[in-house]
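In what follows, a structure is listed as structure tokens, so that the remarks can point back to it.
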Amino acid sequence: MLKIYNSLTQTKEEFKPLVEGKIGIYVCGITTYDYLHLGHARMLVAFDVVTRYLRERGFEVNYVRNITDIDDKILNRAKENGELFSDLTDRFIEAMHEDERALAVLPPDVEPRATGHITEIVDMIKLLVEKDMAYRAGNGDVYFSVMNFPDYGKLSKKKMDELLDGARIEVGELKKDPRDFVLWKSSPDDGVGWDSPWGYGRPGWHIECSAMSTCCLGDNFDIHGGGSDLLFPHHENEVAQSEAATDTQFANVWMHNGPLRVDNEKMSKSLDNFFTVREILETYDAEVVRHLLIASHYRSPINYSEQSLRQSTSILERFYNSLKGLDIDSAKSLTNSRFEKAFFAAMDDDFNTPEAFSVLFEIVKEINKQKEGDPVLANQLGALLVRLANLLGILQSTPAEFLRSNVSTDVDEQEIDQLIAARKQARADKDWALADEIRDKLAAMKVVVEDGADGSGWRIER
RNA sequence: GGCUGGAUGGCAGAGUGGUCAUGCAGCGGACUGCAACUCCGUUAACGCCGGUUCGAUUCCGACUCCAGCCUCCA
């Protein structure tokens, strides 16, 4: 039985799709004005694992993840650069796709862009205005009327009156109520916008997601996801807009991935603890980064550090060491084993990847044990390990690829082979001094020699 | 101040009312010329104070501390 934690009810619930066998899932994607940072990667990888697993469970998944490609931050950055905002977003969307591919994040089925859905956005705002759930202010902006939506706060568990206490009153306030938020921003002067019944302008951020999700998946759909920092106000506002417009429940299940921290604080540019995906990938293997992101449960915070990356590195080395020497391709994966059952039980329990990993380690242990005694079984276990790991998007390389290459180290395989051959001769001559000298030389090249019964192998020191 | 989540062995990180997480590191042994890899064995934890219970790290309450959200944020 598949159970998913639902932020709306704050409990783990048995998951039941609206239509048997099918799942519609919408995840808030990226505002594309810069390179992806590790926090973005966390979200992308978390929902990549979710969708991979749901598909493995036999569901036909329609995964929709939007791109916010019109926004004040984008326009400001474009202005700084002196370029068209669409040139800026095109560039960073391409960069985002590159980073996703590096991290083995599968593309969503639909990737709607805000600028491609202006019609739906305008239609939804029109409907809200007609229903008296929104109003046009004096300057042409259109605001959502929070007061007219009694359920406001049901997702983030905030009380209407407490929100009023905390709300900032801005100078020159045009809102009827400080809690109201913008649906349509008037922009008569800057030349970036679209015509609308309320004049030339641009959509607010929250309405984009309401329009794109209901447009792609229907008024009521199965799962809505995103980072926990979006829960309020973004997701709360989405619920308000969508349910006010459609008079039906919006998403059935809300999933929120935990934050990525650095030095126990949220990663942010102002704290100067900000890491982009591509700068980390200059020194660490993408699979190592991916492992780090799924070694903790998706709802828990992850504290990023060099140490945690090194730990993920040794863990992957253990996996690949165990796969070394196995014939996976021609072996048939073990089916219906206790390992597989335990793995699925862990994943069925709200995608418990840490527990799933503990099962993978049990398989590793069994492989290492069986390598000598029952090579056929070892191969079958190896195939099982790779099959299950693929659901997490790891162990996608071969042992040789992973253990013998490194993004930050270049090796000359021919030279290594020559040195190993020379050492083999020295060892045959029992010239231990020379053999150790050669091994030290290899070590200086970041190459670790491993002697086995059938000759000496090597790997890169990480 | 309000709301939400958390506090587990040296580190990372699951979970459970009574028996084992798991990985890294450590310790003892096997293998090895010595290492590395691997194997076998092994030490070690549940923030603090009460309560419920035959029994609580797990349930309940108070407290302390930490983080996130309350403003753009994955």
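Every heavy atom of this structure was used, including side-chain atoms; hydrogens, water molecules and symmetry mates were not. All values derive from a computational prediction rather than experimental measurement. Letters go in sequence order (proteins before strands), and every chain restarts at 1.
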Ion pair check, [X] and [Y], cut-off under 4.0 Å:
X         : Y         : answer
Lys12(A)  : Asp349(A) : yes
Lys324(A) : Glu450(A) : yes
Arg202(A) : Asp190(A) : yes
Glu437(A) : Arg427(A) : no
Asp451(A) : Arg423(A) : yes

With both distances under 3.5 angstrom, what nucleotide forms a Watson-Crick or G-U wobble pair with [N]?
N      : answer
U43(B) : none
C31(B) : none
G18(B) : C54(B)
A25(B) : none
U4(B)  : A67(B)

Spacing between [X] atom [atom1] and [N] atom [atom2], to the nearest angstrom:
X         : N      : atom1 : atom2 : result
Arg299(A) : A74(B) : CZ    : C1'   : 17 Å
Glu450(A) : C34(B) : CD    : P     : 17 Å
Phe181(A) : C69(B) : CZ    : P     : 20 Å
Phe232(A) : A67(B) : CZ    : P     : 22 Å
Gln311(A) : G13(B) : CD    : C1'   : 9 Å
Asp436(A) : U32(B) : CG    : C1'   : 12 Å
Glu372(A) : A30(B) : CD    : P     : 18 Å
Ile438(A) : C34(B) : CD1   : P     : 18 Å

Quote, to the nearest angstrom, the [atom1] distance that separates [N] from [M].
N      : M      : atom1 : result
A44(B) : U53(B) : C1'   : 28 Å
A30(B) : C37(B) : C1'   : 14 Å
U19(B) : C27(B) : C1'   : 25 Å

If you look at every strand shown and take non-hydrogen atoms under 4.0 Å, does [X] touch a base, only sugar-phosphate, or nothing?
X         : result
Arg261(A) : sugar-phosphate
Lys369(A) : sugar-phosphate
Asp72(A)  : nothing
Ser228(A) : nothing
Asn321(A) : sugar-phosphate
Gln307(A) : sugar-phosphate
Lys158(A) : base
Ser312(A) : nothing
His37(A)  : base
Lys159(A) : nothing
Gly29(A)  : sugar-phosphate
Leu231(A) : nothing
Arg310(A) : nothing
Leu360(A) : nothing

Fill in: Of Gly39(A) and Pro233(A), the one whose closest RNA chain B nucleotide lies more 5'
Pro233(A)
Fill in: Position toward the 5' end of RNA chain B (nearest nucleotide), Asp229(A) or Ser296(A)
Ser296(A)
Worksheet item: Can you tell which of C72(B), A74(B), C69(B) lies closest to the side chain of Leu230(A)?
Response: A74(B)
Worksheet item: What nucleotide among A36(B), A21(B), A74(B) has an atom nearest to a side-chain atom of Val448(A)?
Response: A36(B)
Practice prompt. State whether Tyr320(A) and Arg404(A) meet the cation-pi test: NZ (Lys) or CZ (Arg) under 6.0 Å from the six-membered ring centroid, and within 45° of the perpendicular axis.
Written response: no
Discussion item. Tell me if the side-chain of Arg439(A) makes a donor-acceptor pair with the base of A36(B), cut-off 3.5 Å, by modelled atom types.
Written reply: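 No, no donor-acceptor pair under 3.5 Å.
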Fill in: Base C11(B) paired with Asn303(A) side chain (donor-acceptor, <3.5 Å)
no
Strictly below 4.0 Å: does [X] bring a side-chain N or O up to OP1 or OP2 of [N]?
X         : N      : result
Arg318(A) : U38(B) : yes
Asn257(A) : A74(B) : no
Ser300(A) : A14(B) : yes
Asn352(A) : G15(B) : yes

Discussion item. Show the nearest heavy-atom pair for residues Ala211(A) and Ile121(A), with the distance to one decimal.
Written reply: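 Here Ala211(A) and Ile121(A) meet closest at CB-CG1, 3.6 Å.
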Worksheet item: Less than 4.5 Å apart, any side-chain heavy atom of Phe319(A) and any of Val364(A)?
Response: yes
